[in-house]
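First comes the structure, then the notes that go with it.
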Amino acid sequence: MNKFFYPRLALVNLKKNGNTYIPYILTCIGSIIAFYTMVSIHSNKGLDQMPGSINLKTILFLGIIVIGIFAVIFLFYTNSFLIKRRKKELGLYSILGLEKKHIARVLFYETVFVTVISLSLGLIGGILIGKLLFLLLLNIVHFKSPLSFHIDYWGLLITTGVFLVIFGLTLLTNFLQVKLSNPIDLLKGGQHGEKEPKSSWIVTVIGLVSLGAGYGIALSVKTPLEALMLFFVAVVFVIIGTYALFISGSITLLKQLKKNKKFYYQSRNFISVSGMIYRMKQNAVGLANICILSTMVLVTLSTTVSLYVGQEGMRRDFYPMDVSIIGEAGNTDFDEVKALLESEKEKLMVRSSDEISFDLARFRAFQEGSHFLKDMVDDESTDARYYERISNITLIPLDDYNRLTGGNKSLAENEMLIFSVGDNYGQATIVFGDQQYLITEQLEAIPMDFKKTQDMGQTYYLIVKDDAVMEAVYQTMKNDDDPQTTLHALMFNLDGDEDTLNTFSANLRTAVTQSNPDINIQNLYEALTELYFFFGGFLFLGVFLGSLFMMATVLIIYFKQISEGYEDSERFEIMEKVGMDKTEVKKTIRKQILMVFFLPLAGAIVHVAFAFPVITKMLAAFRLTNVTLIFLCTLAGVVVYALVYTGVYLLTARSYYKMIH
Amino acid sequence: MRLLEVKNLKKIYTTRFGGNQVQALSNVSFSVEQGEYVAIMGESGSGKTTLLNILASLDKPTSGEVFLDGKNIVTIKDSEISAFRRDNLGFVFQDFNLLDTFSIQDNIFLPLVLAQKNYQEMNSRLGPLAKRLNIEEILKKFPYEVSGGQKQRAAVARALITQPKLVLADEPTGALDSKAAMNLLKIFSAINELGQTILIVTHSVAAASHANRVLFIKDGEIYNQIYRGSMSNDDMYQKISYTLSVLASGGEDCE
């Protein structure tokens, strides 16, 4: 036999099955591009030199893992779909006299072709698109200086290795399929007698209960901390519920409909209901997959976009003033710091404003009503309660306060003014150790901070009579790792363009910490870089994974329609013979496709709606509290997704109709 | 009374890109009386299936007319044709054409559901029919759970439940073993005795020998016909066999 026989047969097979193999190969190429891009961006040397790239790298690494797992699952899924569809063909080969080992050889060559095509196009695509995406990433994280993006040979190697393993495994499962079956089975592979599915009330009830539990958790979450902890529990419940309801609940419902004779024996319901029962049996898992994938896409997109869009608002929450320099009052020479500051400002022509300086003492304490304690007494408290009780307290002497506000308030030894960043303090007294102080006024504003929502514990500013009182309270309350003495702070805002300010911030830090290693400098512009990297990285990954999941969803839908088209065409032919007219056939088809298509989307949207409270709470942990913004981002995500989804529906529905007629 | 009248039927298939023309029916005329049981025989490619498709209003002739109960089915509008088919014709196919997604009962109900009959009526029609066809036990089962003979009887029930003027059967015994085939043919004879007009297309001599009249079709034309008269099924069988062999050997002389 000609030694090219098998390769040629394999090639012919691929061509003949083009309408399923081309999407499959495209899937492979897409996965390879995604994987290589992530690997190569992750290992880019230039990225290491950027401040804050650690976070970004962690996020990207997460992405590599997710994409890897995803590729394995997804390629296996599509491959099993393809081989199922081709059983008849393979059966025919074995009846025509090809032995199993010959069929295996054909399958081997097919896999080789698919692998070679996918890997070569995927890697080339990865190199091209990778560069594009890298530039996009740099743009998202506001990184200005150009970084070179080389072809990453190591990445090429890893990607090739990973995908060779995946393709090898799919080939093995195909071998197994052929080995385990006889020709007759293969011939009939596509048309096993479809048993009417059994519905189980128990599974349905489990589904309802666990979906209810998931939604219940989502709705009952009160604090961001709870949200972070319970989110995954809720997700697991919802996933279980989704699968159970798609698999069993749908069939239970349809069977109930079928029992209602009046409803069932109407021409418009008759065919849809029985068709749906049959279809749900085959597709329940697939539809549940689509539903969960869609939910993931929507949640990922809406949270990452919200974070990215919302970060402008968030940064002020972290840093009330652009720069704050805080050092121990006795050990730091603030005159020198100021001199350094002036000279740095002059070098880059940066101007500062709103400069304030004051003495302060800072410590943490546990709040029990009006009592503030060094340690917690309530042992039954959970972790969440621990973080809710903890409060950050800053003491400021009255004369600094008066100087900064231009006021002339006065206080007695045992009196204090209080400013609470979050909810108002509300108590008439405050107790530190065994000393009780009277709160004479609840301040509405303070120069160094402002009102904002507090998610974990409270932040209080207390104005005390003088340094002596401050010192006394501090010494009572301070923990072992707090500084020995009280502190002095210098805070100011900066004016200028962002690039200059970035350089200035870096220079200032170097200059000041050289002479004062213990000094604490917080700088909005440095932090911004980190924030951009953090949220930008998230956004990048979110959009990246979102697109990938979307691609997966689209492909699952496409394959589903194709396979159903073949089966349904036979069925509708019979119905036409028995006296169903073409317009009725069309109507019925449309109704069925619509249901199958939009059930998962509707499910996903309901999931997202219930997840929304949790999402807002979780984002609050990242200091994003603008619920309107989150809502708009989520809404936009849902709309865009629904549009893409509908587009896919229209495209596949068309090829489906073509198949029927 | 004439139930079906076919006049000068002609059907020419043109291949998709023009060019070749194949004449499937050249000139077919015959008629079927109310209550008759007619078999149409012919070899593969003789035009049987084309004829049946035209009678079933699934296909249109190139020229000629077909009257069913006085109505010309060739000129029925497309929008009415499905309803017409549903109300007037019953079909039995070689490969049963039962839908896997429906139970036997629902398969039988299908044409009535499409005609929007109510459930009580459907049920009252099904009862006696199922008894006659001996399928009462399998009504709740699905097509893949029952034997070929049972499937075909279910298909017959589906054809009869609309009380059609004419039952068209296309090679109904083709996929059945001889016992099931004989059983089905007895059923056809029995329902014919009750007054049902039946037209079957077959190349099984056994199947044709149950009919009152056998039409032979060759190269798109009616070639010959045999009336049962007072012949038994066995005599009929002999006569059909003889005619077929004459037909096959070129058919210079017949009768």
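Everything numeric in this text was worked out from a predicted model, so none of it was measured. Chain identifiers are assigned alphabetically (A, B, ...) following the order of the sequence lines, protein sequences preceding nucleic acid strands; residue numbering begins at 1 within each chain.
Put simply, the side chain of Met575(A) reaches to within 4.5 Å of the side chain of Leu99(B), judged on heavy atoms.
Among the residues in residues 118-126 of chain B, those with a non-hydrogen atom closer than 4.5 angstrom to a non-hydrogen atom of chain A are Tyr119(B), Met122(B).
Shown here is Lys117(B), whose NZ atom has more than 12 heavy atoms of other residues, nucleotides or ligands within 6.0 Å. The environment of CD in Glu43(B) is sparse: at most 12 heavy-atom neighbours from other residues, nucleotides or ligands sit within 6.0 Å. Shown here is Lys261(A), whose NZ atom has more than 12 heavy atoms of other residues, nucleotides or ligands within 6.0 Å. Other residues, nucleotides and ligands contribute more than 12 heavy atoms inside 6.0 Å of the CG atom of Leu194(B). Environment of NZ in Lys10(B): sparse, with no more than 12 heavy atoms of neighbouring residues, nucleotides or ligands closer than 6.0 Å.
Between Leu58(B) atom CG and Glu573(A) atom CD the span is 10.0 Å, to the nearest 0.5 Å. Here the straight-line distance linking atom CG of Asp106(B) with atom CD1 of Ile271(A) works out to 11.0 Å at 0.5 Å rounding.
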List the atom pairs, with distances to 0.1 Å, where a side-chain N or O of residues 82-90 of chain B and a protein N or O form a donor-acceptor pair under 3.5 Å, not counting sequence neighbours.
{"residue": "Ser82(B)", "atom": "OG", "partner": "Asp581(A)", "partner atom": "N", "Å": "3.4"}
{"residue": "Arg85(B)", "atom": "NE", "partner": "Ala56(B)", "partner atom": "O", "Å": "3.3"}
{"residue": "Arg85(B)", "atom": "NE", "partner": "Ser57(B)", "partner atom": "OG", "Å": "3.2"}
{"residue": "Arg85(B)", "atom": "NH1", "partner": "Glu576(A)", "partner atom": "O", "Å": "2.7"}
{"residue": "Arg85(B)", "atom": "NH2", "partner": "Ser57(B)", "partner atom": "O", "Å": "3.3"}
{"residue": "Arg86(B)", "atom": "NH1", "partner": "Gly579(A)", "partner atom": "O", "Å": "2.9"}
{"residue": "Asn88(B)", "atom": "OD1", "partner": "Lys165(B)", "partner atom": "NZ", "Å": "2.7"}
{"residue": "Asn88(B)", "atom": "ND2", "partner": "Phe84(B)", "partner atom": "O", "Å": "3.0"}

Let me check something: any side-chain donor-acceptor pairs from residues 61-76 of chain B under 3.5 Å, sequence neighbours excluded? List them with distances.
{"residue": "Thr62(B)", "atom": "OG1", "partner": "Ile12(B)", "partner atom": "N", "Å": "2.7"}
{"residue": "Asn72(B)", "atom": "OD1", "partner": "Val74(B)", "partner atom": "N", "Å": "3.0"}
{"residue": "Thr75(B)", "atom": "OG1", "partner": "Asn72(B)", "partner atom": "O", "Å": "3.2"}

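Phe102(B) and Phe270(A) have their aromatic ring centers within a separation under 6.0 angstrom.
The greatest number of non-hydrogen atom pairs below 4.5 Å with chain A, out of Leu110(B), Leu98(B), Thr162(B), is found for Leu110(B).
For Tyr649(A), the ring pair (Phe, Tyr, Trp, His ring centres under 6.0 Å) partners two or more places apart in sequence, or in a different chain, are Phe597(A), Phe598(A).
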